[in-house]
Amino acid sequence: MTTPLQFKSGQFYGDVHHGARGSIFDIRRLKATRGDDEVQTHRHDDAHFVFVLSGTYISSALHAQWAHGAKLGDGGFGRQ
């Protein structure tokens with residue numbers, strides 16, 4: 001098995017279009033820059049929340065919870 005990529009705080013697949021940063025919370029609007037077949041297995045240092053504004057979000061994240069079209073991801077869990 002290949003070692004997953006480790007994404008640091010704030011690192012995602014995508015280009016930032018808008019954003020704001022606070023002392024304990026960041027919010028960003030990202031546009032995906034890779035197709036689902038190009039996303040490698042990876043982990044995130046931080047927990048994050050994904051709210052899809054258009055298109056489809058595909059995840060095979062471990063322990064992901066889905067609620068009303070939003071995706072909650074715990075930091076440290078791998079996904080592809």
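The chain is numbered in sequence order, starting from 1. Atom set for the values below is all heavy atoms of this structure, side chains included, hydrogens, waters and symmetry mates excluded.
Here the NE2 atom belonging to H18 is positioned 11.5 Å from the CD1 atom belonging to I27, to the nearest 0.5 angstrom. In this structure, OG1 on T3 lies 15.0 Å from NE2 on H42, to the nearest 0.5 angstrom. If you take NE2 on H44 and CD on Q11, they are separated by 8.5 Å, rounding to the nearest 0.5 Å.
Looking only at distances, a side-chain donor or acceptor of R28 sits under 3.5 Å from a matching main-chain atom of G10. In this structure a side-chain-to-backbone donor-acceptor pair under 3.5 Å is missing from Y13 to E38.
Nearest heavy atom pair, residue K31 against residue H17, reads CB-NE2, 3.2 Å. Summarising the geometry of R21 relative to D26, their closest heavy-atom pair is CG-OD1, 3.0 Å, with the distance given to 0.1 Å.
No side-chain N or O of D45 forms a donor-acceptor pair with one of S9 less than 3.5 Å apart.
Following chains of ILVMFWY side-chain contacts shorter than 4.5 Å, one cannot reach F12 starting from V39, and the two form parts of different hydrophobic clusters.
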